[in-house]
Amino acid sequence: MATSGTLRAFRLPPLPTVREIIKLFKLQAVKQLSQNFLLDLRLTDKIVRKAGNLTNAYVYEVGPGPGGITRSVLNAGVAELLVVEKDSRFIPGLQMLSDAAPGKLRIVHGDVLTFKIEKAFPESLKRQWEDDPPNVHIIGNLPFSVSTPLIIKWLENVSQRDGPFAYGRTQMTLTFQKEVAEVDVGVVRFTPLTQPRIQQPFKLVEKVVQYVFQFRRKHCHRGLGMLFPEAQRLECTGKLLQWADVDPTLRPRQLSVSHFKSLCDVYRQMCNEDPNLFAYNFREEAKKNKSKKQETEDDRESYRL
């Protein structure tokens with residue numbers, strides 16, 4: 001086992017730059033996957049510093065690509081870096097980094113949405129939820145195409161305390177990309193709370209938030225109305241907003257966490273009163289209505305004939 005002093009002093013040996021790796025393996029960013037390569041080591045070092053002190057830490061990097069952030073993480077003195085990459089084009093370049101850092105970099109060719117991270121690191125790293133975060137970090141440069149489903153998956157993991165959060169309140173440092181050619185990148189650091197601000201099941205909270213934002217430029221009552229069957233929509237939406245004390249003319253981005261808490265609490269109460277309400281899906285109702293309308297029109301056409 002290497003000493004902490006050795007880990008702290010570790011630096012990667014001279015290697016081809018990320019730009020040279022891209023040329024060597026003829027790599028190109030795929031627009032359909034919203035990929036973007038971070039080529040400047042000063043930028044990736046800055047991103048990794050946002051994660052805090054990574055000395056002796058166990059790091060899980062998602063979507064390493066050609067390895068820009070990977071290099072900066074390795075140079076931060078981590079105990080182990082696990083990378084999960086779905087695109088096989090990047091594996092040879094990552095293998096070069098693994099060869100240059102024996103015992104430090106573990107490569108998994110797989111999908112972050114299905115990879116079982118909860119068994120990847122030593123059990124000894126696990127902490128109680130109420131304790132300080134474990135010495136486990138998630139770092140990733142997330143393409144737009146995968147960021148939403150992955151964040152939703154992780155939020156559900158947080159609520160169930162499984163996946164990456166089986167170790168405790170695992171911290172995440174993530175960059176979010178906007179475009180391929182002209183990139184706007186933001187860095188966000190997440191640390192799960194010891195207690196959620198909305199004490200409701202994840203699926204219920206997800207449904208309320210999702211329905212509100214499906215009409216993000218409309219008043220919030222527009223999306224909330226879709227939670228209810230058409231016959232009761234107007235009445236039930238009014239009750240929901242009144243009981244939650246939410247102004248129906250607010251737009252989704254104007255709603256605070258407190259607003260969503262009230263909406264979720266009231267919606268849960270309404271679901272308890274009507275056991276079939278939570279399973280309601282307005283798209284299915286619209287599809288059935290469309291099918292009935294088509295059948296009626298077909299019947300009329302047959303009658304004319």
Side-chain angles (χ1 to χ4, degrees), residues 1-22 27 35-87 90-110 112 115 117 120-122 125 133-143 146-147 150 154 163-165 167-177 185-191:
M1 178 72 181
T3 65
S4 60
T6 304
L7 286 170
R8 217 173 269 119
F10 176 83
R11 299 292 293 182
L12 285 168
L15 290 167
T17 65
V18 176
R19 194 180 300 274
E20 290 169 340
I21 290 290
I22 290 171
L27 302 174
Q35 290 178 335
N36 173 65
F37 301 150
L38 299 178
L39 306 178
D40 188 344
L41 192 60
R42 292 171 298 180
L43 174 60
T44 56
D45 284 346
K46 186 175 180 179
I47 291 171
V48 169
R49 283 197 296 271
K50 292 290 184 181
N53 183 9
L54 295 182
T55 303
N56 295 341
Y58 289 76
V59 178
Y60 171 39
E61 183 186 358
V62 298
I69 290 180
T70 310
R71 296 178 184 225
S72 296
V73 173
L74 289 170
N75 282 331
V78 298
E80 183 181 351
L81 170 59
L82 169 65
V83 299
V84 177
E85 177 55 63
K86 185 177 182 179
D87 195 331
F90 298 126
I91 301 301
L94 293 171
Q95 190 59 53
M96 289 181 62
L97 291 178
S98 180
D99 294 341
K104 282 184 170 290
L105 176 58
R106 187 155 42 114
I107 303 167
V108 173
H109 182 201
V112 295
F115 180 68
I117 183 63
F121 295 134
L125 294 171
N135 201 17
V136 177
H137 296 257
I138 299 173
I139 295 179
N141 178 33
L142 302 185
V146 75
S147 59
L150 188 55
W154 280 339
F165 308 97
Y167 299 96
R169 295 186 296 121
T170 300
Q171 298 177 87
M172 300 184 285
T173 304
L174 307 171
T175 69
F176 295 89
Q177 305 171 16
V185 178
V187 181
V188 182
R189 188 179 182 191
F190 297 85
T191 302

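Since the structure is predicted, the reported quantities are computational estimates derived from the model, not experimental observations.
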Quiz prompt | Heavy-atom side-chain proximity of P64 to F90 below 4.5 angstrom | solution = no

Practice problem: Taking all heavy atoms of L97 and all of G67, pick out the closest pair and write down the distance. | Solution: CD1-O, 3.9 Å

Quiz item: Taking only residues two or more places apart in sequence or in another chain, which ones pass side chain to side chain contact (heavy atoms under 4.5 Å, CB included) with A51?
Solution: L54, I139, T173

Practice problem: Look only at the side chain of Y167 and the backbone of F121, and say whether a donor-acceptor pair between them is shorter than 3.5 Å. | Solution: yes

Practice problem: Check V112 against G63 and note the closest heavy-atom contact, atom names and distance. | Solution: CG1-N, 4.4 Å

Self-check item: Heavy-atom pair of closest approach, residues L12 and A101
Solution: CD2-CB, 4.0 Å

Quiz prompt | Heavy-atom closest contact (P134 atom, G168 atom, distance) | solution = CD-C, 4.0 Å

Quiz prompt | From CA spacing to verdict: side-chain contact (heavy atoms from CB on, under 4.5 Å), E85, L94 | solution = CA-CA 9 Å; E85 177 55 63; L94 293 171; 4.1 Å; yes

Quiz prompt | Nearest non-hydrogen partners of I117 and G163, listed with the distance | solution = CG2-C, 3.5 Å

Quiz item: How would you list all residue pairs meeting salt bridge (Lys or Arg N to Asp or Glu O under 4.0 Å) that involve residues 43-64, not counting sequence neighbours?
Solution: none

Self-check item: Check: V136 main-chain N/O paired with T170 side-chain donor or acceptor under 3.5 Å
Solution: no

Quiz item: Which word best sums up how the rings of Y60 and F115 line up, parallel for under 30°, tilted for 30 to 60°, or perpendicular for over 60°?
Solution: tilted

Quiz item: Is the backbone of V78 close enough, under 3.5 Å, to the side chain of K104 for a donor and an acceptor to pair up by distance?
Solution: yes

Practice problem: Identify the two heavy atoms, one from A79 and one from N56, that lie closest to each other, and give their separation to 0.1 Å. | Solution: CB-O, 3.4 Å

Quiz item: Do the non-hydrogen side-chain atoms of Y58 and L125 ever get within less than 4.5 Å of each other?
Solution: yes

Exercise. Evaluate the side-chain contact (heavy atoms from CB on, under 4.5 Å) criterion for residues L82 and V108: first the C-alpha distance (whole Å), next the side-chain angles of each, then the deciding distance (0.1 Å), finally the verdict.
Key: CA-CA 7 Å; L82 169 65; V108 173; 3.6 Å; yes

Quiz item: CD1/I47 to OG/S72 distance, rounded to the nearest 0.5 angstrom?
Solution: 8.0 Å

Self-check item: Check: N141 side chain, L174 main-chain N or O, donor-acceptor pair, under 3.5 Å
Solution: no

Quiz item: What's the spacing between R42 CZ and D40 CG if we round to 0.5 Å?
Solution: 4.5 Å

Exercise. Starting from the C-alpha separation in whole Å, work towards a yes-or-no answer on side-chain contact (heavy atoms from CB on, under 4.5 Å) for T17 and L41.
Key: CA-CA 9 Å; T17 65; L41 192 60; over 6 Å; no

Self-check item: Test: E80 and R106 ion pair at under 4.0 Å
Solution: yes

Self-check item: Listed partners of R189 passing salt bridge (Lys or Arg N to Asp or Glu O under 4.0 Å), at least two apart
Solution: none

Exercise. Kindly determine whether T44 and R71 satisfy side-chain contact (heavy atoms from CB on, under 4.5 Å), including the steps that lead there.
Key: CA-CA 8 Å; T44 56; R71 296 178 184 225; over 6 Å; no

Quiz item: Rounded to the nearest 0.5 Å, how far apart are CZ of F190 and CD1 of I138?
Solution: 10.5 Å

Quiz item: Under a 4.5 Å cut-off applied to non-hydrogen side-chain atoms, are L150 and L142 in contact?
Solution: yes

